[in-house]
Every structure is written in structure tokens, then in C-alpha cells.
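This report concerns only the one structure given below.
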Amino acid sequence: MTAMTILYYTILVIYSVVLLYITVYCLMQIHLLYYYGKHHLKTRPNDQALVGESDLPFVTIQLPIYNEQYVVERLIDAVCRFDYPRDKFEIHILDDSDDETVDLVRKKVEDYAGRGFLIRQITRAKRQGYKAGALRDAMHEARGEFVAIFDADFLPEPEFLRRTIPYFTDEKVGVVQTRWEH
């Protein structure tokens with residue numbers, strides 16, 4: 001056998017192994033997609049589970065922030081656009097900021113509170129535990145049956161609560177993961 005023939009067979013074997021690997025990988029992805037679709041269709045909430053406005057649970061929305069002056073206003077605006085009765089949710093802005101974010105939040109809170117929203121700016125004297133600490137410290141003030149937490153760079157859609165709350169009619173559901181836009 002010549003050196004060219006050996007090189008040819010070596011390349012052919014490597015190519016065949018790689019092609020086999022890609023084929024197996026694709027088949028595994030199709031398998032995962034099948035089971036995802038099967039499970040997803042089975043676990044969709046009953047759209048009629050929460051029919052009337054009076055049946056909707058009270059929700060606390062917590063927004064932990066720290067020096068988020070460039071995005072905090074759009075976050076508050078997005079949360080206040082929720083398609084959910086105003087008397088059925090409260091907004092806690094957990095503000096540990098030490099810059100001009102504090103004043104921006106205060107103005108937004110005053111504006112939305114004047115429009116009838118249940119919204120508060122909660123600050124701590126000592127920033128301990130960062131955002132997780134702010135969530136921990138403010139949890140005792142949450143009145144909601146459910147708590148939704150959004151980081152400063154998230155923009156929830158107006159129908160977020162109406163789409164996610166029905167999942168919780170199933171007692172086995174404890175967390176709902178959704179898609180986010182930044």
C-alpha cells in the first residue's frame with residue numbers, strides 16, 4: 001500500500017466516525033424534542049382555571065436593584081403595564097442603591113402610587129447579602145399568595161401573570177420558568 005492509499009483510508013475512517021457521531025447526536029435531539037413536546041402538552045394549564053377577576057390570587061412582585069439607573073425606569077414601567085387587576089398585585093422595589101437611582105425610583109413610585117398602584121420603594125440601612133439579602137429582608141412584607149421576582153434587566157410582558165398563574169392550580173407545580181427579553 002502506498003502512503004496516499006493509507007492517507008485516503010485514514011481520512012475516510014475519520015470522516016465516517018464524525019458522520020456517525022453527528023447522526024447519533026441528531027437522533028438524540030429528536031428524541032429530546034419528542035419528549036419535550038409530549039410533556040409540554042400534558043402540563044399546560046387549564047386556560048379556564050381562573051375565570052373571574054375575583055378568583056385571581058394576590059401577587060407580590062419584587063424588584064431587587066442596586067445602582068440600576070439606566071434600566072430601572074423601564075423595569076418599573078413594564079411591571080406596571082401588567083394585564084392584571086391593580087388591586088390584585090403589589091410591587092416592592094428593593095432598592096439598595098447609593099447613587100441617583102434612589103431618586104429615579106422615588107419619582108416613579110410617587111407617580112405610579114398616584115395612579116392607584118400598590119407600589120413601594122423599600123430601602124435598607126445596611127446592604128448585607130446583596131440582592132439575595134434584600135429579597136430575604138423584604139419577604140416578611142410580601143402579602144401575596146405568589147411572589148414574582150424580576151432582576152433589573154428583565155422586561156416581563158404585560159400578560160406575564162395571566163399566563164403563569166394558571167400553572168399553579170396544579171398542586172405539583174412550585175416554579176414556572178418562562179422566556180425573558182432583555
- Note on the structure: d(His92 NE2, Met139 CE) to nearest 0.5 Å is 10.0 Å
- Task: Given side-chain contact (heavy atoms from CB on, under 4.5 Å), test Tyr84 with Leu56 step by step and report yes or no.
- Result: CA-CA 9 Å; Tyr84 206 75; Leu56 293 171; 3.5 Å; yes
- Matching residue for Val105 among Val72, Leu63, Leu75 - test: side chain to side chain contact (heavy atoms under 4.5 Å, CB included): Val72
- CD1 on Ile11 to CD1 on Ile6, rounded to 0.5 Å: 12.5 Å
- Common cluster, Tyr112/Phe89, ILVMFWY with side-chain heavy-atom separation under 4.5 Å: yes
- Query: Rounded to the nearest 0.5 Å, how far apart are CD of Glu73 and CG of Leu104?
  - Reply: 4.5 Å
- Any chance the side chains of Tyr66 and Asp95 put a donor and an acceptor closer than 3.5 Å? no
- Proximity of Phe160 and Phe150 rings by center, below 6.0 Å: yes
- Salt-bridge contact Arg106-Asp103 (side-chain N to carboxylate O under 4.0 Å): yes
- What do the steps show when you test Arg120 against Ile91 for side-chain contact (heavy atoms from CB on, under 4.5 Å), and what is the final call? CA-CA 6 Å; Arg120 292 177 42 208; Ile91 304 166; over 6 Å; no
- Query: Hey, does the side chain of Thr101 reach the backbone of Ser97 with a donor-acceptor pair shorter than 3.5 angstrom?
  - Reply: no
- Item | Atom pair CD1/CD1 of Ile61 and Ile119 - distance to nearest 0.5 Å | 9.5 Å
- Output, in order, the C-alpha distance, side-chain angles, deciding distance and verdict of salt bridge (Lys or Arg N to Asp or Glu O under 4.0 Å) for Arg74 and Asp77. CA-CA 5 Å; Arg74 73 179 188 158; Asp77 291 339; over 6 Å; no
- Hey, mind stepping through Val79 and Ile76 against side-chain contact (heavy atoms from CB on, under 4.5 Å) and telling me if it holds? CA-CA 5 Å; Val79 170; Ile76 295 170; 5.9 Å; no
- Find the distance between CD1 (Ile65) and OG1 (Thr123) and round it off to the nearest 0.5 Å. 10.5 Å
- Query: Where the side chain of Asp83 meets the backbone of Arg162, is there a donor-acceptor pair that is under 3.5 Å apart?
  - Reply: no
- Heavy atoms only: give me the nearest Pro156-Ala78 pair and the separation to one decimal. O-CB, 4.0 Å
- Message: Does Arg163 form a salt bridge (Lys or Arg N to Asp or Glu O under 4.0 Å) with Glu157? I'd like the steps, not just the answer.
- Response: CA-CA 10 Å; Arg163 272 201 330 243; Glu157 295 178 1; 3.0 Å; yes
- Message: Looking at every non-hydrogen atom in both residues, tell me the closest pair between Leu161 and Pro166 and how far apart they are.
- Response: O-CD, 4.1 Å
- Does the side-chain contact (heavy atoms from CB on, under 4.5 Å) test come out yes or no for Phe58 and Glu90, once each step is laid out? CA-CA 8 Å; Phe58 193 80; Glu90 66 180 349; 3.8 Å; yes
- When rounded to the nearest 0.5 Å, the distance separating CD1 of Ile165 from NZ of Lys88 is 11.5 Å
- Tell me whether the guanidinium CZ or amine NZ of Arg115 lies under 6.0 angstrom from the six-membered ring centre of Phe117 and within 45° of its axis. no
- Under the 3.5 angstrom rule, does the side chain of Gln62 hit a backbone N or O of Val147 as a donor-acceptor pair? no
